[in-house]
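A short write-up of the structure that comes next.
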Amino acid sequence: DHAGIATQMVTEREMALAQEPTRTAMGREKFMARVWQQKQQSRGTIISQLKRLGASCDWSREAFTMSGAPGAPAGEDGNFHDAVIKVFVDLYTKGLIYRGKRLVNWDPHFETAISDLEVENLETPGHMWHFKYRLAGGETYDYVERDADGAATFREVRDYISIATTRPETMLGDGAVAVHPSDTRYAPIVGKMVHLPLCDRLIPIITDEYPDPSFGSGAVKITGAHDFNDYAVAKRNSIPCYRLMDTRAAMRSDGAPYHQAVLRAREIAAGSVTTEAEVDSLNLVPEKYRGLDRFEARKQVVADITSQGLAVTVLVKSLDADTGSEHLTLEPVVEAKKIMQPFGDRSKVVIEPMLTDQWFVDTAKIVEPALDAVRTGRTRIIPASGEKTYYHWLENIEPWCISRQLWWGHQIPVWYGLALEATDFTDDEGDNALDEVEILRILGDGGYIDREATFHCAADANSVADHFRDDLASLPHPLNAARIIEVDDRATAVEVLAASLANYAVTQDPTHLIYPVWRDPDVLDTWFSSGLWPIGTLGWPEQTPELKKYFPTSVLITGADILFFWVARMMMMQLAVVGEVPFHTVYLHGLVRDEKGEKMSKTRGNVIDPLEIIDELGADPLRFTLAQLAVVGGSPKLSTDKIKGNRNFGTKLWNAHRFAEMNGVFDLAPVEGVPAATQTVNRWIIGEVGRVREEVDTAIAAYRFNDAANALYAFVWGKVCDWYVEFAKPLLMDGDDAAKGETRAVMRWVLDQCLILLHPFMPFITEDLWGATATRGKLLAHAGWPAYGAELVDPAAETEMRWAISLIDGVRSVRAQMNVPAGLYVPVLQLEADAAARGAWARNEVLIRRLARIDSLTEATEVPKGAITVPTAGATFALPLASIIDVGAEKARVAKAIEKLGKELGGLRGRLNNANFVASAPAEVVAEARANLALREEEEAQLKAALARLAEIG
RNA sequence: GGGUGGUUAGCUCAGUUGGUAGAGCGUCUCGCUUACACCGAGAAUGUCGGGGGUUCGAGUCCCUCACCACCCACCA
């Protein structure tokens, strides 16, 4: 998307570095061109990052939220802009978008409104001051505090009410002091007026449910224009909201001098009729604070109130450093206190609640279908906890402020006309008597026009022109003779209108009348357009073939942090605009964190460039690692060690292919379909391929990408490389032609399956090997995904190979622990072998001997003293190592093994002897326990016999 | 204040309907065996945060406590 604030910010920063003219000096049109230039740069970066990561997108369908906007350069000619404007007009027409003067989060750095979601509340150290507001006319009252039983605990005569604040500078705009209706302490003075310190104004004491009697003094100053709570109180009680700050959050310096403004404020307080526009125009900041930054103003206000003796004070004992004597002094009460402060997520400056005209989406009216879609499962969110979060937010949704005072974005399709009215030209007697005095009355002393502009919302300029022509024509003569002229903004409109009126007053010539019209200079919140992504990218509102084919879409994969910003809004907007859910599944992944575990962000500059990791270690290991870390509901912490491990995995895969190549495997043409095999080893590995394919598919279907990646890792490394390649060596080197040919074919097929299954995770190395090992009809990326599964498993082959592996493992373990030199081939005795074990040995003798380093196998009926036993299912093997073993160490080893087995046996027997278990556990669980017990008992017997033999030696 | 998630081997974390705990890395021992030292073979390591409950059986379900993380929030 066009990332309004961020992109405008980055562009302006670059412009400053390059010493280009500033945005305002440049003007809107040129600046937009400059941002487009910036955008195309970062577009290149993003696309190349995606390509180097191996993203297999349909690049021909690249889309951009600002495509087709006026002034868009060549190549940016989609129609996303049209879609956005159409949706705005439609929603406005349906009454789902409205304009109003509301308290919004204002970012004083970017000088724009932002939405609730773009505010970060952070705990910061702050202070709380306590001030006295004196009762008007020197009145006093009995201030009485009572305990729970109503007994007075404190009593004094006061001429003031005490209020607490963390933002002293806002007291200049106070409109009232509020107390809780049940608060008996202040009951005597409710309805009375108090002096607002530093200001020549009186404000009333009112009651409202909002103040908490148990917090602070129980009395709250009400500054409707700079606090969300106060705003609500002010609205409920018709208290005027006086705006104190300008767009940079400095104390206002506009408008009439303070003494004039305050006069008018007093009239209003006394009940004089006023308008929202007039109240907003009144600058009630006393001269000495005008133009000060809000934090500087705070210091001044505190100092001035304190010096007037209106700070609540406390006696403080202090030591005079020179004389060493103690003093008692009155010090203002200033509590150090942690406060939650709102910061702009982009600008990082303190957000100021500001009373401004903005556009809002009436989210309450479009939220239900979005909630319903998830509740009924038409759209599913993974992980499920995401659904709870989704409900929680949507069920408590606030109106969405969608206007931004920026230039980079979709300009709001609304035009204003500052209408002339008949009353502008008549005096109280109805005569046509406009004079200079009248003009001043109309304009007001502050230079505003005491009237709202009319506005018109439309997608196309012709309709706008028609609307204002009609509007003008409806005015009485001579007003309808006015010329419509386009101006930049309301301020210019007021200027030209004033000049026009003045001219007319002098000349009475209707041709001097002017009807200024201007477009809303604001742009839409980026998320308003991103929210239309599902349809906007498919050509809507045109009924394109793409729209028919791809909408509703299937799965949205996105970061969990963006659930409200984007997902919830796409849900609401698609349902409101086209009446369908935009996707059936939302897969939320965690955020990749940096080495400190912190969120990476464009503006914070702690982003680890994927290109650097790719340069160093490769895209495949990065992708594979991310897949391994993609636990549902988890948040991956990327570490170089993990990526290195997976680079090694890639190398391993490559080496396996090298081995195959050296053994003529790739001299064969690729094998179509599952190859036939007679060799046990080959039959076994074919079954394992079937198993892993099923495992991978199951995992992917469940969005468990970590399971899929880990299954492939374990299969390729742990099965193919560790065992199959080793098993195949004797066949490839010493086997007869038939065995050799079959093994080559099977290995060829197995390796191809590895490439196919790994390709989504490691596209580069697999595609490379795919092309290098054969002349293929198509790219691996286009190869079909296999459909075989566990039906490829040959149970007999599987049992036999598992037996062989356990025997090899056993012999290796004994050798390593007995410190038998690795290269030394040793004799092995076989005893107590049943027919199955004998057969298995016979069929796999070559590979077992090779991998376990056995030089001879002798049948024996008795185990010689000092021989070490290796128990397997159906047979016991023994290594006669008397001369080289450490008997003590071996006894310890066997004893330990028996002990470990003992624990397991204890558990199994305990369960099986428990009648309740046998009765209530499922039959297959009981059977499994019985089989397991039998196996373990056999093993235990073998080990005990071995221990006994060792005991004979000493 | 509300919500969500977490607490499992030295570290980073898996553990899907309750059946008795795994991976990678690290550590230790051995090893150039003709794919691979970015390797191979072997080994050690867990009262699954504490307590209680349900159950024949709990890392897994319920309650509770402690700590951590994240999200949301208007206590002046």
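Excluded from the calculations below are hydrogen atoms, water molecules and symmetry mates; all remaining heavy atoms, backbone and side chain alike, are included. It should be emphasised that the depicted structure is a prediction, and the values quoted were computed from it without experimental measurement. Here is how names work: the chains are called A, B, and so on, in the same order as the sequence lines, proteins then strands, and each is numbered from 1.
As rounded to whole Å, 5 Å separates atom P of B:rC25 from atom OH of A:Y713. A:L912 has its CG atom 12 Å from the C1' atom of B:rG57, to the nearest Å. Between A:R909 atom CZ and B:rC56 atom C1' there is a gap of 19 Å when expressed in whole angstrom units. Atom pair A:E209:CD and B:rC74:C1' shows a separation of 16 Å (rounding to whole Å applied). The distance from atom CZ of A:R812 to atom C1' of B:rC30 is 13 Å, rounded to the nearest whole Å. Distance CG (A:D722) to P (B:rG42): 9 Å, rounded to an integer number of Å.
At the phosphate of B:rC71, neither OP1 nor OP2 sits under 4.0 Å from any side-chain N or O atom of A:K388. Contact check, A:W654 against B:rC39: no side-chain N or O comes under 4.0 Å of OP1 or OP2. Within the 4.0 Å cut-off from OP1 or OP2 of B:rA43, at least one side-chain nitrogen or oxygen of A:S813 is found. Proximity of A:R704 to the phosphate of B:rG15: a side-chain N or O atom is located under 4.0 Å from OP1 or OP2.
Using a 4.0 Å heavy-atom criterion, one finds that A:E387 contacts no nucleic acid atom at all. Using a 4.0 Å heavy-atom criterion, one finds that A:R850 contacts no nucleic acid atom at all. Heavy atoms of A:G218 sit under 4.0 angstrom from at least one base atom. A:N706 comes within 4.0 angstrom of the backbone, heavy atoms only, and of no base. Within 4.0 Å of A:W129, counting heavy atoms only, lies no atom of the nucleic acid at all. Residue A:R911 is in base contact, counting any heavy-atom pair closer than 4.0 Å across all strands shown. Nucleic acid contact class of A:P922 (heavy atoms, under 4.0 Å, all strands): base.
Listed here is the closest heavy atom pair of A:D183 and A:P213: OD2-CB, 3.8 Å.
Side-chain rings of A:F649 and A:F761 stay apart, their centers remaining 6.0 Å or farther from each other.
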Enumerate all atom pairs, one protein N or O and one N or O from nucleotides 11-13 of chain B, separated by less than 3.5 Å.
{"unit_1": "B:rU12", "atom_1": "O2'", "unit_2": "A:K642", "atom_2": "NZ", "d": "2.8"}
{"unit_1": "B:rC13", "atom_1": "OP1", "unit_2": "A:K637", "atom_2": "NZ", "d": "3.0"}

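There is no side-chain donor-acceptor pair under 3.5 Å between A:E694 and A:T698. Side-chain atoms of A:H180 and A:E209 include a donor-acceptor pair closer than 3.5 Å.
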Inset, instruction - Give RNA chain B the dot-bracket treatment, 5' to 3': Watson-Crick (N1-N3 with N6-O4 or O6-N4) or G-U (N1-O2, O6-N3) under 3.5 Å, [ ] crossing, | other strand. - result: (((((((..((((.....[..)))).(((((.......))))).....(((((..]....))))))))))))....
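Rounded to whole Å, the P atom of B:rU27 lies 27 Å from the corresponding atom of B:rA21.
RNA chain B is contacted by both A:A816 and A:S920; A:A816 maps to the nucleotide lying nearer its 5′ end (nearest heavy atom per residue). Along RNA chain B, the nucleotide nearest to A:P211 and the one nearest to A:N655 differ in position, and the one closer to the 5' end is contacted by A:N655.
Of the listed nucleotides (B:rC75, B:rG19, B:rA73), B:rA73 has the atom at the smallest distance from the side chain of A:D116.
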